[in-house]
Amino acid sequence: MQLTVWTYEGPPHVGAMRIAASMKGVHFVLHAPQGDTYADLLFTMIERRDTRPPVTYTTFQARDLGSDTAEIFKTACREAVERFKPDAVLVGASCTAELIQDNPAGLAAALNLDIPVVPLELPSYQKKENWGAAETFYRLVRAFAPSPAGVVTPRSPGKTCNILGPAALGFRHRDDIVEVTKLVEGLGVAINVVAPLGATVADLARLPQADFNIVLYPEIAGTAADWLKRSHGQPFVAIQPIGALATDAFVDAVAKAAGIAPEAIPTSRSRLPWYSRSVDSTYLTGKRVFIFGDATHAVAAAHIAAKELGFTICGLGTYSREFAREVRAAAAEYGVDPLISDDHLVVEDAITAAQPELVLGTQMERHVAKRLRLPCAVISAPVHVQDFPARYSPQMGQEGANVIFDSWVHPLMMGLEEHLLHMFRDDFEFNDTMQPSHLTQSASPARDESDPAAESPQIEIPETFAWADEAEKELRKIPFFVRGKARRNTEKFATEKGLRIITVEALYDAKAHFSR
Amino acid sequence: MNAPFNPHAPVIARAASERGPANPLRQRGQHEVFCGLTSIIWLHRKMQDAFFLIVGSRTCAHLMQSAAGVMIFAEPRFATAVIDERDLAGMADVHDELDKVVARLLARRPEIRMLVLVGSCPSEVIKLDLAKAAERQGQLHGPAVRFLHYSGSGIETTFTQGEDNFLTSLVKELPAEPVGARQSLIVAGAMADVVEDQFRRIFDALGMGHVSFLPPRNSTALPHVGPNTRLLLAQPFLGETTKALDARGAKHLLAPFPLGEEGTTAWLKAAADAFGVDPGRFAAITGPGRARARTAVERYRPALQDKRVFFFPDSQLEPSLARFLHRETGMDIVEIGTPFLHRHHLAGEFELLPEHVFVSEGQDVDKQLDRCRTARPDLVVCGMGLANPLEAEGITTKWSIELVFTPIQGYEQAGDLAELFVRPFARRDRLKGIA
């Protein structure tokens, strides 16, 4: 039993819903009590879809438990097929239906439907949303692109590929697929099928016609791609083109899989490398960044942060236990302890302890960062309505690298701005007690940084410290926007050293202690 | 205009003439409604020292964060103890596991004075005894912390029925009325604090003496109950709570619900009459509020008059909302869908509605959508799962959840309530250039 306030992933049947909702002509009949229909709003509200997701919930109630929940399932399934006329139907159970053990697979088979039925086993008490999505996609691929008879022979390079992984409720999948299509077609490689997003079951049947697969999101397409490799001999490219370097590596890998000579690869780069090398970005050097998300986006973010923006990684983790190995390897590369946890309270503690200057995380970390008054950018699902922006906003490919540069750097204070603030910190008009000139004279002074309510409650140190007058005056010379941090660091230092009174000396000792 | 062919239409046409509160359409099928757990979203804001711990699955936790929409900035006073396979396989003792979770929670939130264990679908199906668990936690952590339990499971409760079950569990905790106590009033059903304060001022001005609200804002401020207690329901979904209070001697004052000028007046009058308030005084005290409510609603009437509204089931507030819209804004009611129809409590509402108003109880959402599309209403009141798809079909919608989270009761909110229904039309009108 785990205490959970917020979750990074929903139950596995929500993953199955995401696959059904991604595809065309696939309907999902879910054995579930009333209330589980809340999941519809993930699609209609968060993603702003203009149609209901293709899911029918059987809606059994307590009074049905003693009698015939199986009959309710059969009725719902039969009526859903009549009404929606799908090409194929998925059947499964949510957490409660799993406990009553009605066997949707057997019940659906007994209906003798004239369309294919793909049964799903979704162990709700062991697995989570991404696993459910991967499993559902794999079951569908297996059902519609069955293994050929005989020995599988490895394929030679060729210029047709499938793109696997983009799905409903994916983080920027909608735009990534446009960008990746551009990269792949720019090489002269044809795209056979994109799945699950926008695919039909007939498209799945055509998957084996491609020479190789591209796995954009291993969390969703990893299982299916492994199976296609084993059963159809289709190799796959598993580099995700997130960041300038990874985009180059991705293009090289696709070219290799397609048998394209390196000299035939067109050169085209994002603005990220030059923007990052330009002098205004000097201030990014060594900024401490804490990264948390799904494994794919967290690892990609770590590489970009370290190698393309010159940040220092002070924390790296994921909630995807299935991909813990990849995150551990990246953490080792950057010399931090990997954080593998789906307990957001643990993640919050880790962020507080790491004292980052920038947080790259999910919506959960965005809230933590807000509380800690830290700049933050969102890099990964679980998604939020803000993660479906109106504008084109991919994470992958060249435009993705541009988007990442902007969205990670804009929350930070700009370089020149920071210098100017330093230069004018003693200016009589430029301090925290001054009102902006356009506001009325009568307004009260801006809040005092020592106001405990305005300070971040999470890294506040409860003891009150005696500050010598001189030290207090010195502290006031520090620009107000970093003063709170200076105070906290000094008090932390004083605690560690057992100092009873904080002097000017102690203030500068602490500064030296914490300076990089 | 002829309606498009619809295989269900003849059945509806025949039955519709006989429809009404006494003969609602009952269909079984997919219910597009929240389960009772969702009540926690407002209950935890209402009772400031209470924490709601759902004993359930990952689905329950995911529901709570999805239904809460944008995640609440402050750490909420609710959480889920997620049952996992070790608990189910008997490898871990569920009660021991719950002890650990509760201990961790109380260590983290020492200010909590009341911890409510909330049953879910999985905990009900595995027959986890939360009564026993609450008693045991009480022995471990009481009396500083009080422990309650109720079920908010989807197999037993729809949305607001979660509050009904919670209040029922709270009734058991109420102290008995002192012997010889004067007549007192309990107003049951969570409302926004600002609305409660308005009603309290009116009750005080009427000279009604001891009036308390259930749930109270604090678990240490529980009202007493006994034979001299009168009960006024602020919400129409409190069937079980009413039974529990009745069993403790309280007498229910039947009234329409306090939505709009008419509902609020009738509601206050039921209480005033029971407390022997002079009619002249009642008229004098409520007069200014009634006038303000009428003026406020009147402004919105032209936008709503003769428009046709269709309710999908959500909170059980639907009949009361329909009565308000019909009587005070002149809207026509196409269908009142409600998850559960408490005919006795709603009798006052239906007296004010047309005799054969179409009422459906429970839901088969696909068939209801067929009816809705055939009827082409001007406005559909529905949940978040249906609103955008219907908007995309060209049907104007109002999210029903806003009617639960927004202060809408009483004189001062009557205009706001009307405005909630005007806004979708106003928005559509402003945006007609991009339709």
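All chains are named by letter (A, B, ...) in the order of the sequence lines, taking the proteins before the strands, and each is independently numbered beginning at 1.
Contact detail for A:V5 and B:A79: the closest heavy-atom pair is CG2-CB, 4.1 Å. In terms of heavy atoms, A:M45 sits closest to B:N388 at SD-ND2, 4.2 Å. In this structure, A:F84 and B:D366 approach most closely via the heavy-atom pair CZ-OD1, 3.6 Å. When all heavy atoms are compared, the tightest approach of A:D40 to B:G385 is CB-CA, 4.2 Å. A pairwise comparison of heavy atoms in A:T51 and B:P389 identifies C-CG, 3.6 Å as the closest pair.
For chain A, the option among B:I126, B:I155, B:V55, B:L390 with the highest count of heavy-atom pairs below 4.5 Å is B:I155. For the set B:D87, B:L37, B:L98, B:T59, the entry with the most heavy-atom pairs within less than 4.5 Å of chain A is B:T59. The most heavy-atom pairs under 4.5 Å with chain A, out of B:I83, B:L63, B:V101, B:I54, come from B:L63. The greatest number of non-hydrogen atom pairs below 4.5 Å with chain A, out of B:L105, B:L386, B:V94, B:T158, is found for B:T158. Most heavy-atom pairs under 4.5 Å with chain A: of the set B:G56, B:G383, B:P122, this distinction falls to B:P122.
Neither the backbone nor the side chain of A:I46 comes within less than 4.5 Å of any heavy atom of chain B. A:R52 touches chain B through backbone and side chain together, each having a heavy atom under 4.5 Å away. When heavy atoms are compared at a cutoff of 4.5 Å, B:A81 approaches chain A by way of both its backbone and its side chain. Heavy atoms of A:E129 lying under 4.5 Å from chain B belong exclusively to its side chain. Both the backbone and the side chain of B:D84 come within less than 4.5 Å of a heavy atom of chain A. Only the side chain of B:V125 comes within less than 4.5 Å of a heavy atom in chain A; its backbone stays farther off. Of the two parts of B:L369, only the side chain, counted from C-beta on, holds a non-hydrogen atom closer than 4.5 Å to a non-hydrogen atom of chain A. Heavy-atom distances place the side chain of B:L88, and not its backbone, under 4.5 Å from chain A.
Between A:W6 and B:P76, the closest side-chain pair of non-hydrogen atoms falls below 4.5 Å. Residues B:Q363 and A:T59 have side chains not in contact (no heavy-atom distance under 4.5 Å, counting atoms from C-beta outward). Looking at B:E156 and A:Q61, their side chains never come closer than 4.5 Å, going by heavy atoms from C-beta outward. When side chains are defined from C-beta on, B:R28 counts as touching A:D64, because their heavy atoms get closer than 4.5 Å. Side-chain contact check for B:H62 versus A:P11: some heavy-atom pair is nearer than 4.5 Å.
Checking side-chain atoms of B:Q65 against main-chain N and O of A:T7 turns up a donor-acceptor pair under 3.5 Å. Panel note: side chain A:T44, backbone B:M384; a donor-acceptor pair is recorded below 3.5 Å. At least one donor-acceptor pair closer than 3.5 Å links the side chain of A:Q34 to the backbone N or O of B:T157. A side-chain donor-acceptor contact under 3.5 Å links B:E97 to the backbone of A:M1.
No more than 12 heavy atoms of other residues, nucleotides or ligands sit less than 6.0 Å from atom CH2 of B:W399. Annotation for B:R109: atom CZ counts as buried by contact number, over 12 foreign heavy atoms lying within 6.0 Å. Counted within 6.0 Å of CD on A:E121, heavy atoms from surrounding residues, nucleotides or ligands total 12 or fewer; the atom is thus considered open. For B:R428, the CZ atom counts as densely surrounded, since its 6.0 Å shell holds more than 12 non-hydrogen atoms of other residues, nucleotides or ligands.
Note that the SG atom of B:C121 and the CZ atom of A:F60 stand 7.0 Å from one another [nearest 0.5 Å]. Residue B:E32 holds its CD atom at 4.5 Å from OG1 of A:T37, rounded to the nearest 0.5 Å. For the atom pair B:F34 CZ and A:L41 CG, the distance stands at 5.0 Å (nearest 0.5 Å).
By the salt bridge (charged side-chain N to carboxylate O under 4.0 Å, His left out) test, B:D364 pairs with B:K367, sequence neighbours left out.
For the pairing with A:L3, the side chain to side chain contact (heavy atoms under 4.5 Å, CB included) check across B:T80, B:V102, B:L53, B:V82 returns one residue only, B:L53.
The pair B:R108-A:D349 does not count as a salt bridge, with every side-chain nitrogen at least 4.0 angstrom from each carboxylate oxygen.
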>> Would A:Y57 and B:H31 count as a side chain to side chain donor-acceptor pair (under 3.5 Å) here? Give the steps.
In response: CA-CA 8 Å; A:Y57 306 78; B:H31 287 199; over 6 Å; no
